[in-house]
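Each remark here refers to the structure printed beneath this line.
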Amino acid sequence: MTFTPHGKHLIAGEWRATEQTFLSEPAHGSAHAFSVGTPELVDQAVRAAEDAFWSYGYSSRAQRAAFLEAIADEIEARAEAITEIGTQETGLPEARLNGERGRTTGQLRLFAQHILKGDYLDRRHDAAMPDRQPLPRPELRMMQRPIGPVAVFGASNFPLAFSTAGGDTAAALAAGCPVVVKGHGAHPGTGEIVAEAILAAIVKCDMPRGVFSLVQGGKRDVGQALVQHPLIKAVGFTGSLAGGRALFDLCAQRPEPIPFFGELGSVNPMFMLPEAVARRGEALGQGWAASLSMGAGQFCTNPGIAVVLNGPQADTFVEAARAALSTTGAQVMLTDGIASAYVSGAAQMGAQSGVQGLLTSMCDRREAKPFLFRVSAQDWMGNHALAEEVFGPLGLVVVARDMDEMLDLARSFGGQLTATLHMDEADAGLARRLMPILERKAGRVLANGFPTGVEVCDSMVHGGPYPASTNFGATSVGTLSIRRFLRPVCYQNIPASVLPADLA
Ligand code: NAP
């Protein structure tokens, strides 16, 4: 099935176009024209979302679960066409798009199951104590309620799982919040066909049309109008530190500030402990190279830094990584802009004092090849630029003189999505010293694996202290992510006949 996008925005059940258009920039195939989003369209979408909230926010959990299941079904019904347009626009391989679609529908279905169980409501009850002295206690109940319309920014690097019907949208819809998506300009056609699937589910489940809108990108004023709209109550975002910070600041400056749940990426350090490196340095080096270059390194959990202790065994690890990376072919990046940011980020890293290039590459237009650099812990700790994420398949080996320096290095990291320990049992003493530091730095600490696979489940935390995310109390992956779009309300002495159905 071939899908040809019509290039319109979906505003509360209607496909709408504005006068101006922009052209998509697919990695393969022909470009298509898309209508440019405007602040007026944002206003219409958000007003419709607020109207929809008065029914959708009070729908039953069973109704919302059926709606989420219907969205998943409608996405599957368009599977082939989604993969076709997704691969054309992003340059990601077919297998990746197919896998990501499974993850996206899996997320929607997981949230359907999650809300049916009802635990997420966190219902509490303190019975009345009319005879308590010196004062009686009233009857108190508490439950989580949806917050209202939510803005979602589609991420460039996950055109399905973190985009139009991705994790943020699934969590908000599960909570009972209508969603307005700002589509990412890197995959507007993929956004359109997924929006078409959501609209089909809206019709099938007879949901209010304003429960979902997609405003395609175009200019910065779309995103800015969206986060500043007075009826928007929270924002879900995955993208760059600069873009996320600008939008976060706009949210804080509003007359009514709102939470901005920004996931801004990190360098995801791996601490290579000495026994593990001595026993399996070569395999670890090869494993790191595979993780680092997977998907052209365009993952927020890409392990960009490996910290090793100086010595011949560390050299074996580094040489194995270098050899494996040197055989990795060129991979198409998501956009021209991301590819040029990668090349200039690599050039800047190579120019820093004390940085030695172990593997440097020539990259054509939109294609990335791996880079590998090495620096001493002392030079790294003295230069903040070396702690910044370079989005793509770039690795930096940081060499510590001894264990104390490795601990100092761990303390000097900023907030991270993940931190990894590669360790054997004989490394447990050092790992125990690192753990209290790493759990203050990262949303997820893992041992003997690579952080690039993010399981969608109840225990997952995909977040972390700033700059990994703008809100360290939250996660953007897994069932806990629904909490971002809920607000606790206490009901004091409210008669059962008036209480919300989930409490009565
Ligand atoms: P981005 O530039 O942060 O853009 C993400 C979204 O936010 C886009 O829809 C963008 O709209 C919008 N936006 C950004 N700055 C804005 C502003 N000041 N005002 C209004 N809207 C704004 O991220 P990207 O396009 O995905 O990729 C660029 C870089 O982000 C990459 O090179 C990489 O460094 C990083 N990145 C990180 C992650 C991660 O996992 N954390 C994921 C992807 C990318 P426009 O398209 O109109 O600018």
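Counting starts at 1 for both ligands and their atoms, in listed order.
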Polar contact flag for [X] and ligand 1 (N/O pairs, less than 3.5 Å):
| X | answer |
| --- | --- |
| Arg220 | yes |
| Glu389 | no |
| Thr238 | no |
| Ala155 | no |

Looking at every non-hydrogen atom in both residues, tell me the closest pair between [X] and [Y] and how far apart they are.
| X | Y | result |
| --- | --- | --- |
| Pro269 | Thr418 | CD-O, 3.6 Å |
| Pro178 | Gly210 | CB-O, 4.0 Å |
| Ile202 | Pro208 | CG2-O, 4.1 Å |
| Ala165 | Val194 | CB-CG1, 3.5 Å |

Closest to [atom] (judged by heavy-atom distance), picking from [options]:
| atom | options | value |
| --- | --- | --- |
| atom 36 (N) of ligand 1 | Gly37, Gly239, Ser266 | Gly239 |
| atom 3 (O) of ligand 1 | Gly265, Ser240, Gly243 | Ser240 |
| atom 32 (O) of ligand 1 | Ile338, Leu417, Thr301 | Ile338 |

*Test item: side-chain donor near acceptor, Gln416 and Arg444, under 3.5 Å*: no

*Just checking, Arg103 and Phe162: is the charged tip under 6.0 Å from the six-membered ring centre and within 45° of the axis?*
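That pair does not qualify as a cation-pi contact.
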
*With heavy atoms only and a cut-off of under 4.0 Å, state how Phe237 meets ligand 1: side chain, backbone, both or neither.*
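It is the side chain that gets close, since no backbone atom is under 4.0 Å.
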
*What part of Gln298, side chain, backbone, both or neither, has a heavy atom within less than 4.0 angstrom of ligand 1?*
neither

At a 4.0 Å threshold, what atoms of ligand 1 neighbour a non-hydrogen atom of [X]?
| X | value |
| --- | --- |
| Phe153 | 7 (O) |
| Ala246 | 18 (N) |
| Cys300 | 39 (C), 40 (O), 41 (N) |
| Ser156 | 24 (P), 26 (O), 27 (O), 43 (C), 44 (C) |
| Leu264 | 41 (N) |

Suppose we measure from [atom] to each protein heavy atom; which comes out shortest, and what is that distance?
| atom | answer |
| --- | --- |
| atom 46 (O) of ligand 1 | Lys182 NZ, 3.8 Å |
| atom 31 (C) of ligand 1 | Phe391 CD2, 3.7 Å |
| atom 25 (O) of ligand 1 | His184 NE2, 2.9 Å |

Donor-acceptor contacts under 3.5 Å from residues 229-242 side chains, at least two apart:
unit_1 : atom_1 : unit_2 : atom_2 : d
His229 : ND1    : Leu231 : N      : 3.1
His229 : NE2    : Asp43  : OD1    : 2.7
Lys233 : NZ     : Glu256 : OE1    : 3.1
Lys233 : NZ     : Glu256 : OE2    : 3.4
Ser240 : OG     : Gly243 : N      : 3.0

_Quick one, Thr470 and Tyr466 - any side-chain contact, counting heavy atoms below 4.5 Å?_
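A side-chain contact exists here, since the closest heavy-atom pair is under 4.5 Å.
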
_Main chain of Ser35, side chain of His9: is a donor-acceptor contact present, judged purely on distance under 3.5 Å?_
yes

*asked:* With side-chain contact (heavy atoms from CB on, under 4.5 Å) as the test, pick out the partner of Gln107 among Val456, Thr169, Leu160.
replied: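 Single side-chain contact (heavy atoms from CB on, under 4.5 Å) partner of Gln107 among Val456, Thr169, Leu160: Val456.
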
*Kindly state each residue pair satisfying ring-ring contact (aromatic ring centres under 6.0 Å, His included) with at least one member in residues 324-344, sequence neighbours excluded.*
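Pairs touching residues 324-344 that pass the test: Tyr342-Phe371.
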
